[in-house]
Amino acid sequence: MAQALNDLLSEWIQTAFETVFSQDVEQIGRVTVVASARPEHGDYQCNDCMRLAKVLKQAPRQIAETFVSAVEKPDCVRALEVAGPGFINISLDDQWLAEWMASLADDERLGVPRQGEGTTIVMDYGSPNITKPLHIGHLRSHNIGSALDRVHRFLGYHVVADNHLGDWGTQFGITILGYRHFGDKQKMREYPLEELERVYVKSYEKTKEDSEWLDACRQELVKLQSGDPETLALWEDFTRWSIEELERVYARLNVSFDMVRGESHYRNKLKPIVERLEAEGLTRISEGATVVDLEEEKLPLAIVRKSDGGFNYATTDLATVASRIDEFSPERIIYITDERQQLHFKQVFAICRRLGITTRLDHVWFGLMRLPDATFSTREGNVIKLESLLDKAEELALNLVRESSSDMPSEQQQDVARAVGIGAVKYADLSQNPQSLVTFTWEKALALDGNSGPYLQYAYARIASVNDKYKVQFPETDPSAYPLQFTESIERALAIKILRFSESVILAADSYKPSALTDYLYELAQMYSTFYQNVPFLKAPEGVRESRVRLCGLVARVLKQGLDLLGLETPERI
RNA sequence: GUACCCAUGGCUCAAUUGGAUAGAGCACCUGACUACGGAUCAGGAGGUUGCAGGUUCGAUUCCUGCUGGGUACGCCA
């Protein structure tokens, strides 16, 4: 299956229009087909006749009727119907549908094309500042980034996922000096990140009222950046502890990277990139700092070298782009960060253009997570740690599992609770438009019913259970030996939903919205639940029974694959 | 002051990127033969899509202005 059905139909209708209206071929433009919102409007529809009324100088309805009576229908189309002002409603052929479903069943990719074959993408997500525990605000970049990573990989893109840790900034000066004065060696060994955070907060507080302290912090950073062995050793310890801690949380979250390179990785490339900018004549000195004017792009100027000679984050990001291009030659680099960095990336991208870099650079930003009453920050101390959210989610799920699956071995209950609890948290985040601002509430993050991860996992587990029962009751029969048939309308609707899986995966990738995939999966699960609840299958007559079991099997595979692309597990029993 | 984003039933969110009667979940109300797993299903009630204009055959979607909220704007990342 080389392409999704909507693309296939769009290509057909494009050439068909050009054939039927051959005298006006240059004026026709792009004609496409989209899925219909309501069953009365067919399975797919074409809305272009209204637009074409002007260029063809005919009534839209007339155009549609001319087209429908003149065109030769492809095998997959049963009927074309003109409706309303000039919509063309397309109904798929049942026989063709059954065959397409059969071919999906044989396809391990469930019809999803490898549209990204041969294309390399660097994805930059996660990227927390280290030496502090992750809080709930860190969930989004990791979660959205990881889902987009998986979706692109599945579409055949060569993805290089890099966790661009904040490990070289000013906060290290603050932390190191704080450690020297208030660090507790014992606690540092037991809870390194908690202790480092405590030390950071205390030291940060002091910078606000004590300018000598602030200068001393800057000195620590200078020592670090100039390679002072003792300071560097401290930095290495902090970094190692932080990464070990991160890896542990990442394992719980089921996120992983191809590489974990911090800003420090590029520390020797900062000076060269500024020199390159200078050589290109893009810089000037302003108040002692080296800056790039971006008036042409209607952006504020960007500082690439501070007046004290130090480099800042714009410099690091520029050096990082150059380095990634040298190393991976990607077609695209995607950054997944919160909305506050929009201007920053616009500036960085603009400077890259000035340097002649043509690689596509995308900034995927998402809305900040806030608490009902306020934004939170490490400095303010009103944070909810990511791990305590995960703990709470697992605990809640465990209570539920113990109640509903009391006969399950306790170890399995724990595993299920882990999958369901973490799934609930991740799904709640992924299922909304990334760009909307998220107000964190426990109720939302831990939702187990309605449009939630557990609802989908539950649907999956029910199918797994049905499959087992079928095998026990009919050990000798192989459902795949029976043809698919659609005796109830819900079965046909399910089949069409299943074959649209590829459309939703592509949409999620192209629009950078995992929510496109969650929406699809939720609708599929809803449809399946309706089917399950209202149509008997183990008790259905032979043939119908096998067809329905096959349909169930396909729904299960789509759910499993889809949830996997979102980073959710699908236990066989819940 | 400038730029970007958001505003949809009581609450949380959708709307196939300009299409037909704006869809779900939560909460609320009424139902489901001891049922292939009730974490479910069937149904009900709930809307002038922030306001005012404009473009279009057609606007929740695009444009302009306003209101309210968020974020960012030279040496933090």
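Each chain gets a letter, A, B and so on, in the order its sequence line appears, and its residues count up from 1. Keep in mind that this is a model prediction, so the values were computed, not measured.
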Touch class at under 4.0 angstrom, heavy-atom based, for A:F87 against every strand present: base
Watson-Crick or G-U wobble mate for B:rA72, both contacts under 3.5 Å: B:rU2
Sugar-phosphate, base or nothing in reach of A:N451, heavy atoms under 4.0 Å: sugar-phosphate
Rounded distance (Å) that lies between atom P of B:rA15 and atom CZ of A:R38: 17 Å
Touch class at under 4.0 angstrom, heavy-atom based, for A:V292 against every strand present: nothing
Sugar-phosphate, base or nothing in reach of A:A37, heavy atoms under 4.0 Å: base
Between B:rC76 (P) and A:Y313 (OH): distance, integer Å: 9 Å
Presence of A:T530 side-chain N/O under 4.0 Å of B:rA42 phosphate oxygens OP1/OP2: yes
Close N or O pairs between protein and nucleotides 55-66 of chain B (under 3.5 Å):
from	atom 1	to	atom 2	distance (Å)
B:rC57	OP1	A:K54	NZ	3.2

Sugar-phosphate, base or nothing in reach of A:L299, heavy atoms under 4.0 Å: nothing
Closest listed nucleotide, where the reference is the side chain of A:E287 and the choices are B:rG74, B:rC36, B:rG25: B:rG74
Value in whole Å for how far the P atom of B:rA77 lies from CZ of A:F345: 13 Å
Sugar-phosphate only, base, or nothing, as touched by A:N534 at under 4.0 Å among non-hydrogen atoms: sugar-phosphate
A:H41 side chain reached by A:F87 side chain, heavy atoms, under 4.5 Å: no
Under 4.0 angstrom between A:Y458 side-chain N/O and B:rA39 OP1 or OP2: yes
SB check A:R140 A:D429 (cutoff 4.0 Å): yes
Flag if over 12 foreign heavy atoms under 6.0 Å of NZ, A:K269: no
Phosphate-side-chain proximity, A:K444 and B:rC13, N/O vs OP1/OP2 below 4.0 Å: yes
N or O in side chain of A:Q432 less than 4.0 angstrom from B:rC13 OP1/OP2: yes
Sugar-phosphate, base or nothing in reach of A:V33, heavy atoms under 4.0 Å: nothing
A:Y532 side chain near B:rA39 phosphate (N/O to OP1/OP2, under 4.0 Å): no
4.5 Å side-chain heavy-atom contact, A:R261 and A:L165: no
Ion pair check, A:E569 and A:K426, cut-off under 4.0 Å: no
Nucleotide opposite B:rC66 in a Watson-Crick or G-U pair, distances under 3.5 Å: B:rG50
Presence of donor-acceptor pair under 3.5 Å, side chain of A:Q533 and base of B:rU40: yes
Face-to-face contact A:H344 to B:rA77 six-ring, under 5.5 Å, under 30°: no
Sugar-phosphate, base or nothing in reach of A:S465, heavy atoms under 4.0 Å: base
Aromatic ring proximity A:F531/A:F537, centre distance under 6.0 Å: yes
Atom-to-atom span, NZ of A:K513 to P of B:rC5 - whole angstrom: 12 Å
A:R545 charged N/C atom sitting above A:F474 aromatic ring, 6.0 Å / 45°: yes
Touch class at under 4.0 angstrom, heavy-atom based, for A:L437 against every strand present: sugar-phosphate
Sugar-phosphate, base or nothing in reach of A:S286, heavy atoms under 4.0 Å: base
Pair A:F349 + A:H363: ring centers closer than 6.0 Å: no
B:rA77 OP1/OP2 closer than 4.0 Å to side-chain N/O of A:T170: yes
CD (A:E40) with more than 12 external heavy atoms under 6.0 Å: yes
Chi-based syn or anti call at B:rU71, which uses purine or pyrimidine torsion atoms and a 90° bound: anti
Touch class at under 4.0 angstrom, heavy-atom based, for A:A83 against every strand present: base
Touch class at under 4.0 angstrom, heavy-atom based, for A:D338 against every strand present: nothing
Polar pair under 3.5 Å, donor/acceptor by atom type, side chain A:S307, base B:rC75: yes
Residue-phosphate contact under 4.0 Å: A:R462 side-chain N/O, B:rG38 OP1/OP2: yes
Anti or syn - B:rG74, cut at 90° from 0: syn
Sugar-phosphate only, base, or nothing, as touched by A:Q45 at under 4.0 Å among non-hydrogen atoms: base
Sugar-phosphate only, base, or nothing, as touched by A:R573 at under 4.0 Å among non-hydrogen atoms: base
Length of the CD-P vector between A:Q435 and B:rU71, whole Å: 17 Å
Test: A:R500 and A:E503 ion pair at under 4.0 Å: yes
